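Throughout, protein chains are lettered first and strands after them, A, B, ... in sequence-line order, and every chain is numbered starting at 1. Computed from a predicted model, the values in this text were never measured in an experiment.
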Amino acid sequence: MRAARGGGTAAAAPPIGALLRWFARAARPLPWRTRRTPYRVTVAEFVLQQTRVETAAPYFRRFVRRFPSWRALARAPRSEVLKAWEGLGYYARARRLHELARRLVRDHRGRLPADPERLRDFPGMGPYVAAAVASLAFGAPVPAVDGNVRRVVSRLLARDVTDDEGREILAGWMAGRPAGRFNEAMMELGALVCRRRKPACGVCPLRRGCRAFAAGDPVAWPSPRRRRRPPRILVGAAVTIDGRGRVLVARRRDGDMLGGLWEFPGGKVEPGESVTRCIRRELMEELGLEVEVGPEAARVRHDYSHFGIDLRAHWCRPLRGVPRPIGCAAVRWIRPADRGRLAFSRADLRVWEALERAPAAGQREGASPQQPRAARIASSTCPGEAPRGTAARRRSARPGSTSVPAVS
DNA sequence: GAAACGTGGAG
DNA sequence: TCTCCAAGTTT
């Protein structure tokens, strides 16, 4: 308790024993805390990146049920992995996890290395996840510094602490302790007690050694980071219905934002351009399809991480040409009832919901006469619903059975 | 180092 | 309505 008196860089070790005892008592029964296999630990860490526990938990359960092992995940098609990720965001995580599984099965007999340095070589394995997996799944003595831990250490020292500093400091504190439990206890403390707002210092097992608590203003650390207001853009999208009541959808390219997900084709409205003209232009550019644009079918405001969109979806009718994947990865005509088989982003899911709420929108008085009749939009599966694993797998008809010819 | 990358909850 | 950001990684 008397260490680091002279204001040096070394920090007095907080009462780690008290922390571990608190954790043994207060730890939440989270789904990834049962059966700590390397696979389940890894899936959990991917799902949890930048994502709240309450949001991640149902996705984790569904994901490991549908893909119970590295091998099961490796042999699944990309589209199914993305479907399991639908609505969760940061879809590159799903692509990387899938790639990780395939590389593991192909080159490493489906076994994850226990060494955090070697874990770093795999896609999606950054400094935090590699340390978390190494310590939680294999007991490797490496500190895992996530947002929670960084906040806890910053407050203990009453100054902003970088990840590198945090790892160095924590390496000393964790010496001789079970690494996995130590890391998890630090994270759990940050999540339940040392919260960003309204920290519960009264019940904190570490308050005895906490400089922020001593200073009387724990929320002062870590200091908030400034960010600028994200821009908002106007986007036009086409709800194109063919003569058989099918809807035109396009798959975004991997590597693009929302890569691999399906969407109503469209794009950004250029300055001075009308939404209608934008939709006509985008469908010609991306699909080589000429359409007639009718009245608005849905309006969705949506915020992404670094910008927002005002999405205007319009009923459209194909006029000339066969849709080809020119500016996208693939294109299909689908029955509305089948849309649940494809993965869409949240914004496009909201468009679908709006279409289902008002299927007769195109037939209201005043609507153009060229409106598609019988464009009845039937409900289908949404993210967050019960898993549809076996049923989906058993289906004989693949979504592609209605695809337009000559598209890859 | 900064920006890109989704979504939803809290205040 | 608006701001901030959560079990981060990649480029």
If I pick the C1' atom on B:dG1 and the same atom on C:dT11, what distance separates them, to the nearest angstrom?
12 Å
How far apart are the C-alpha atoms of A:Asp303 and A:Arg232, what are their side-chain angles, what is the distance that settles it, and do they pass the salt bridge (charged side-chain N to carboxylate O under 4.0 Å, His left out) test?
CA-CA 8 Å; A:Asp303 291 316; A:Arg232 182 169 296 281; 2.6 Å; yes
Ionic contact status for A:Arg253 with A:Asp256, cut-off 4.0 Å
no
Got a sec: does the CZ of A:Arg28 have more than 12 other heavy atoms crowding it under 6.0 Å?
yes
Taking the P atom of each, how far is B:dA3 from C:dC4, in whole Å?
15 Å
What interatomic distance, in whole Å, is found between C1' of B:dG6 and the corresponding atom of C:dA6?
12 Å
If the cut-off is 4.0 Å, is A:His302 near the phosphate of B:dG6, judged by side-chain N/O to OP1 or OP2?
no
Short heteroatom pairs, N/O only, protein and nucleotides 3-6 of chain C, under 3.5 Å:
{"from": "C:dT3", "atom 1": "OP1", "to": "A:Arg229", "atom 2": "NH1", "distance (Å)": "3.4"}
{"from": "C:dA6", "atom 1": "N3", "to": "A:Arg52", "atom 2": "NH1", "distance (Å)": "3.2"}

Within this structure, what is the CZ-to-C1' distance between A:Arg93 and B:dA4, rounded to whole angstrom?
14 Å
Over how many whole Å does the gap from A:Leu119 atom CG to C:dG8 atom P extend?
18 Å
Give the C-alpha distance, both sets of side-chain angles, the deciding distance and a yes or no for salt bridge (charged side-chain N to carboxylate O under 4.0 Å, His left out) between A:Arg103 and A:Asp107.
CA-CA 6 Å; A:Arg103 209 191 291 183; A:Asp107 301 335; 5.4 Å; no
Would you indicate what A:Leu88 reaches in the nucleic acid, counting non-hydrogen atoms under 4.0 angstrom: base, sugar-phosphate, or nothing?
base
Among A:Phe67, A:Tyr59, A:Phe63, which residue satisfies the ring-ring contact (aromatic ring centres under 6.0 Å, His included) criterion with A:Trp85?
A:Phe63
CA sep, side-chain torsions, deciding dist, call: A:Thr34, A:Arg40, side chain to side chain donor-acceptor pair (under 3.5 Å):
CA-CA 9 Å; A:Thr34 61; A:Arg40 289 169 58 89; 3.2 Å; yes
In sequence, state the C-alpha distance, the side-chain angles, and the governing distance for A:His306 and A:Tyr304, and then conclude on ring pair (Phe, Tyr, Trp, His ring centres under 6.0 Å).
CA-CA 6 Å; A:His306 54 300; A:Tyr304 295 108; 7.6 Å; no
So, OP1 or OP2 of B:dC5: does either fall under 4.0 Å of a side-chain N or O from A:His306?
yes
Over how many whole Å does the gap from A:Tyr59 atom OH to B:dG8 atom P extend?
7 Å
Using atom CZ of A:Phe307 as one end and atom P of B:dA4 as the other, report the distance to the nearest whole Å.
10 Å
Just distance, no hydrogens or angles: give the donor-acceptor pairs under 3.5 Å from side chains in residues 258-269 of chain A, sequence neighbours left out.
{"from": "A:Glu263", "atom 1": "OE1", "to": "A:Arg252", "atom 2": "NH1", "distance (Å)": "2.9"}

So how far is it from A:Leu189 CG to A:Leu20 CG, rounded to the nearest 0.5 Å?
11.0 Å
CZ/A:Arg111: more than 12 non-hydrogen atoms of other groups inside 6.0 Å
no
When the distance from CG of A:Asp254 to C1' of B:dC5 is rounded to whole Å, what number comes out?
14 Å
Is the shortest side-chain heavy-atom distance between A:Arg341 and A:Ile334 below 4.5 Å?
no
Can you tell me the distance, in whole Å, between the CZ atom of A:Arg228 and the P atom of C:dC2?
18 Å
Protein-nucleic acid N or O pairs under 3.5 Å, nucleotides 9-11 of chain C:
{"from": "C:dT9", "atom 1": "OP1", "to": "A:Gly126", "atom 2": "N", "distance (Å)": "3.0"}
{"from": "C:dT9", "atom 1": "OP1", "to": "A:Gly126", "atom 2": "O", "distance (Å)": "3.3"}
{"from": "C:dT9", "atom 1": "OP1", "to": "A:Tyr128", "atom 2": "N", "distance (Å)": "3.4"}
{"from": "C:dT9", "atom 1": "OP1", "to": "A:Val129", "atom 2": "N", "distance (Å)": "2.9"}
{"from": "C:dT9", "atom 1": "OP2", "to": "A:Tyr128", "atom 2": "N", "distance (Å)": "3.3"}
{"from": "C:dT10", "atom 1": "OP1", "to": "A:Gly124", "atom 2": "N", "distance (Å)": "2.7"}

Going by heavy atoms closer than 4.0 Å, what residues in residues 18-48 of chain A are next to DNA chain C?
A:Arg28, A:Leu30, A:Trp32, A:Arg33, A:Glu45, A:Leu48
Could you list all the ring pair (Phe, Tyr, Trp, His ring centres under 6.0 Å) pairs where at least one residue sits in residues 96-155 of chain A, not counting sequence neighbours?
A:His108-A:Phe122
Specify the separation, in whole Å, of atom CD of A:Glu86 and atom C1' of B:dG8.
16 Å
Side-chain donor-acceptor pairs under 3.5 Å in residues 140-148 of chain A, sequence neighbours left out?
{"from": "A:Asp146", "atom 1": "OD1", "to": "A:Asn148", "atom 2": "N", "distance (Å)": "3.2"}
{"from": "A:Asp146", "atom 1": "OD1", "to": "A:Val149", "atom 2": "N", "distance (Å)": "2.9"}
{"from": "A:Asn148", "atom 1": "OD1", "to": "A:Arg151", "atom 2": "NH2", "distance (Å)": "2.7"}

In whole angstrom, give me the gap between the P atoms of C:dT9 and B:dG8.
22 Å
Assign A:Thr55 to base, sugar-phosphate, or nothing according to its heavy-atom contacts below 4.0 angstrom with the strands shown.
nothing
Between B:dA2 and C:dC5 - P atom distance, rounded Å
16 Å
Toward the 5' end of DNA chain B, which comes first, A:Asp256 or A:Arg350, by nearest nucleotide?
A:Asp256
Find the distance A:Glu54:CD to B:dG9:C1' and express it as a whole number of Å.
8 Å
